[in-house]
Number of protein chains: 2
Amino acid sequence: MSSVASSSPGDGPGGSRGSGKPKGAPRGRVDKREAILRAAFAVFSRRGYAQACVQEIAEEAGVAKPTVYNHLNDKESLFRHAVEAEADALLAEVLAAVEQLRDRPRDEDPRDALTDLAQRLAGSWCGERARALRRLAYAQVAQFPDLAESVQDRVAQRPAAALADRLARLSLAGRLRPCDPELAAEHFFALLTGPLESRSRLGTRRVPAAELRATAEAAVDVFLRAYASHGDSADSADSGGGRGGGG
Amino acid sequence: MSSVASSSPGDGPGGSRGSGKPKGAPRGRVDKREAILRAAFAVFSRRGYAQACVQEIAEEAGVAKPTVYNHLNDKESLFRHAVEAEADALLAEVLAAVEQLRDRPRDEDPRDALTDLAQRLAGSWCGERARALRRLAYAQVAQFPDLAESVQDRVAQRPAAALADRLARLSLAGRLRPCDPELAAEHFFALLTGPLESRSRLGTRRVPAAELRATAEAAVDVFLRAYASHGDSADSADSGGGRGGGG
DNA sequence: ACTAGAATGAACTCGTGAGTTCAGTTGCGT
DNA sequence: ACGCAACTGAACTCACGAGTTCATTCTAGT
């Protein structure tokens with residue numbers, strides 16, 4: 001799961017310090033490193049890369065500035081490691097949601113499973129962490145394009161691939177019409193996240209839970225009208241509020 | 001098509017400044033202001049807000065630094081004006097594309113009109129200007145939330161509203177099933193821009209024209225399967241590669 | 001030609017923040 | 001008790017960039 005090639009020069013304190021210690025854990029005292037990375041992400045996400053200052057990160061981590069530089073070479077690697085770690089965490093969260101489709105009863109209406117999924121994804125997507133990740137990655141595309149790609153991979157590409165797997169099974173089982181699963185997954189995510197991005201106005205507005213739910217349902221609704229097999233439930237008379245969403 | 005700054009109007013510093021010749025560079029007062037704003041957007045978009053320096057903007061505009069401050073108070077207002085101007089231009093471009101739906105023959109297959117629209121929107125969306133706008137607005141959300149909202153309004157909200165108008169007409173004319181036009185417009189944009197964002201990997205990858213076209217067609221395809229009225233053409237046997245299988 | 005004002009280049013002030021240095025402190029293993 | 005290595009706080013260097021000042025130069029309007 002660890003992503004970043006771990007041995008940047010000067011990555012850790014005891015990396016290959018002196019004579020081989022049978023320690024196992026290369027770090028000296030405690031897990032300052034994790035605290036530092038967590039603090040770094042927090043500060044970066046509220047200030048942005050350029051506006052964040054290392055001193056503040058150190059304070060937030062409860063650590064002295066030289067300690068920060070003792071663990072990570074410079075501001076850039078601080079940024080990269082913090083962002084990648086958080087992207088990994090988000091990926092795990094999202095993959096867990098997608099993988100839930102696996103243990104659904106085989107004869108269940110796909111709508112129920114997909115609605116569940118959409119709800120969970122909507123939650124993740126609008127969460128503080130996800131928003132900050134997208135913002136930071138997007139903002140620094142010019143400076144760290146490889147980082148942006150790596151984040152995009154974890155936040156979009158790989159979740160889509162995982163969903164494509166599940167959709168392929170549904171399609172094979174006749175619950176979805178025959179289709180390109182990659183494309184279908186792409187559309188599923190688009191129908192969900194596009195409206196969310198718009199509703200939250202780039203994150204400047206808090207989307208109420210009810211609207212979140214409605215958006216997820218509308219996404220599933222449209223998705224199924226396009227992708228459900230003919231025999232299956234792909235019709236809900238109005239599309240205005242999703243299924244049962246009379247309001 | 002005014003792409004970006006017209007190279008160096010004149011010649012840059014040191015050229016006209018000699019002891020004798022008033023040749024070549026007419027450094028008279030023209031619309032320096034526009035040149036400055038265009039240059040500012042160009043520099044901001046390749047460097048980001050914090051990394052951009054006013055000196056570079058001045059050079060790109062073919063102007064001295066004090067002149068920049070003579071027209072705009074400080075870096076922040078430079079940023080705001082540059083971004084808003086560019087957002088206005090993009091809005092006009094997008095609205096023009098949407099308004100084209102107006103003068104389509106009333107009995108035409110909506111698919112043709114929507115496909116045309118999707119192609120044009122895809123072009124705009126992936127253009128240098130649109131990408132830079134999204135990136136800058138997104139990046140500075142924390143620092144200038146009002147600016148981000150204003151950009152989002154011009155880039156997403158208002159185009160969606162305009163499209164909703166057109167979709168309402170189509171729906172009323174029986175070419176689309178009865179639906180909430182706002183929601184439909186939201187879904188249309190989502191189906192288009194979501195995949196584009198993903199394919200371009202946040203702008204780090206250039207999307208070939210063919211893929212762009214295929215993505216647009218796939219979006220329209222799904223949209224129509226969900227929103228076409230029953231009598232109309234909402235079926236293309238395979239969804240794998242869009243209609244006609246782009247190669 | 002004369003004048004007013006916009007524009008210029010260069011040098012300046014000043015704040016900020018990255019990264020370092022260092023002398024001293026703490027905690028753990030032996 | 002000793003020593004090692006991480007940790008600390010504070011003060012430091014250094015580069016960079018926002019914004020200003022100024023003497024000068026150019027252009028337009030009359």
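The shown structure was predicted, so the numbers you read here are calculated from the model rather than taken from an experiment. Chain letters run A, B, ... following the sequence lines, proteins first and then strands; every chain starts at 1.
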Atom pair distance, as rounded to whole Å: [atom1] in [X] and [atom2] in [N]:
X: A:Ile57; N: C:dG19; atom1: CD1; atom2: C1'; result: 13 Å
X: B:Asn73; N: D:dA18; atom1: CG; atom2: C1'; result: 13 Å
X: B:Asp74; N: D:dG17; atom1: CG; atom2: P; result: 17 Å
X: A:Leu72; N: D:dC7; atom1: CG; atom2: C1'; result: 15 Å
X: B:Asp31; N: C:dA7; atom1: CG; atom2: C1'; result: 15 Å
X: A:Leu78; N: C:dG17; atom1: CG; atom2: P; result: 15 Å
X: B:Arg33; N: C:dA6; atom1: CZ; atom2: P; result: 14 Å

Output yes when at least one side-chain N/O atom of [X] is less than 4.0 Å from OP1 or OP2 of [N], else no.
X: A:Thr67; N: D:dC7; result: no
X: B:His71; N: C:dA7; result: yes
X: A:Lys32; N: C:dG27; result: no

Kindly state which residues belonging to residues 38-55 of chain A come within less than 4.0 angstrom of DNA chain C, counting heavy atoms of the residue only, listed by number. A:Ala52, A:Cys53, A:Val54
Check against side chain to side chain contact (heavy atoms under 4.5 Å, CB included), A:Leu117 and A:Leu163: CA-CA 10 Å; A:Leu117 172 61; A:Leu163 178 58; 3.7 Å; yes
Less than 4.5 Å apart, side chain to side chain, heavy atoms only: is that true for [X] and [Y]?
X: B:Asp88; Y: B:Arg154; result: yes
X: B:Trp125; Y: B:Leu192; result: no
X: A:Asp153; Y: B:Arg201; result: yes
X: B:Val83; Y: B:Phe144; result: no

Could you name each residue pair satisfying salt bridge (Lys or Arg N to Asp or Glu O under 4.0 Å) that touches residues 58-73 of chain A, not counting sequence neighbours? A:Arg46-A:Glu60
Tell me which nucleotide among [options] gets nearest to the side chain of [X].
X: B:Ala64; options: C:dG9, C:dA7, C:dG19; value: C:dG9
X: B:Lys75; options: D:dG19, C:dA18, C:dT8; value: D:dG19
X: A:Asn70; options: C:dT8, D:dA6, D:dG9; value: D:dA6
X: B:Tyr69; options: D:dT8, D:dA18, C:dA7; value: D:dA18

With the threshold set at 4.0 Å, does a side-chain nitrogen-carboxylate oxygen contact exist between B:Glu197 and A:Arg134? no
Look at B:Glu186 together with A:Arg199 and state whether they make a salt bridge at an N to O cut-off of under 4.0 Å. yes
Show each protein N/O and nucleotides 11-13 of chain C N/O combination with a separation under 3.5 Å, one pair to a line.
none

I'd like to know if the side chain of B:Ser198 reaches the main chain of B:Gly194, judged simply by a donor and an acceptor atom lying under 3.5 Å from each other, with no hydrogens or angles considered. no
